[in-house]
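Below is one structure, written out as structure tokens; comments come after it.
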Amino acid sequence: MKSLSTFFSILAILLTNVMCGVVGFNYGKMVWGVENAGYSAPASTALLLSIPYFIGIAVCVVLAFVFRKSGHQSRSITS
């Protein structure tokens, strides 16, 4: 259980880093598009891409806590 908890913790950290990269890149692309290519949507719409990442990060954090807690409970039962 501890290895699953560690896996989901690392996955949550990786998702935060990927989210920052993707959202930052798309925000810069939208700023360029608004200034030079005539995009009608504001650049802040690129921030909407962070919503699925936040959901994934929240799921990973919850799973990490659940697996960590169940790992502690199984150790206390066997002791």
Side-chain angles (χ1 to χ4, degrees):
M1 290 295 174
K2 183 175 176 164
S3 62
L4 282 173
S5 174
T6 304
F7 171 74
F8 282 108
S9 298
I10 291 171
L11 187 61
I13 293 169
L14 287 174
L15 277 175
T16 58
N17 292 334
V18 170
M19 178 189 69
C20 290
V22 169
V23 172
F25 174 79
N26 284 323
Y27 184 81
K29 194 172 169 183
M30 285 292 292
V31 167
W32 178 88
V34 167
E35 292 174 357
N36 299 315
Y39 292 0
S40 61
S44 62
T45 57
L47 299 176
L48 293 174
L49 287 173
S50 64
I51 293 171
Y53 285 106
F54 281 134
I55 293 169
I57 291 165
V59 168
C60 287
V61 168
V62 167
L63 286 174
F65 281 127
V66 167
F67 287 133
R68 177 80 41 137
K69 189 165 202 126
S70 66
H72 287 299
Q73 287 175 352
S74 67
R75 268 191 250 143
S76 63
I77 292 171
T78 58
S79 296

side-chain contact (heavy atoms from CB on, under 4.5 Å) partner of Cys60, chosen from Ile13, Thr16, Ile55, Leu15: Leu15
Smallest separation among heavy atoms of Pro42 and Met30, with atom names: O-CE, 3.5 Å
Same apolar cluster: Val61 and Val18, side chain cutoff 4.5 Å: yes
For Val66, the rest of its hydrophobic cluster, which grows through side-chain links under 4.5 angstrom: Val62
Transitive ILVMFWY cluster of Phe25, excluding itself - 4.5 Å side-chain cut-off: none
Residues which pass side chain to side chain contact (heavy atoms under 4.5 Å, CB included) with Leu14, listed by chain and number, not counting sequence neighbours: Ile10
Contacts of type side chain to side chain contact (heavy atoms under 4.5 Å, CB included), residue Phe54, not counting sequence neighbours: Met19, Ser50
Closest non-hydrogen atom pair, Ile57 against Ala12: CG1-O, 4.1 Å
Gap between atom OG of Ser9 and atom CG of Leu4 - 0.5 Å precision: 10.5 Å
Set of side chain to side chain contact (heavy atoms under 4.5 Å, CB included) partners for Val31, sequence neighbours left out: Tyr27, Glu35, Ala43
Contacts of type side chain to side chain donor-acceptor pair (under 3.5 Å), residue Ser5, not counting sequence neighbours: Arg68
Separation of Thr45 OG1 from Asn26 CG (nearest 0.5 Å): 9.5 Å
Side chain to side chain contact (heavy atoms under 4.5 Å, CB included) partners of Val34, counting only residues at least two apart: Tyr39
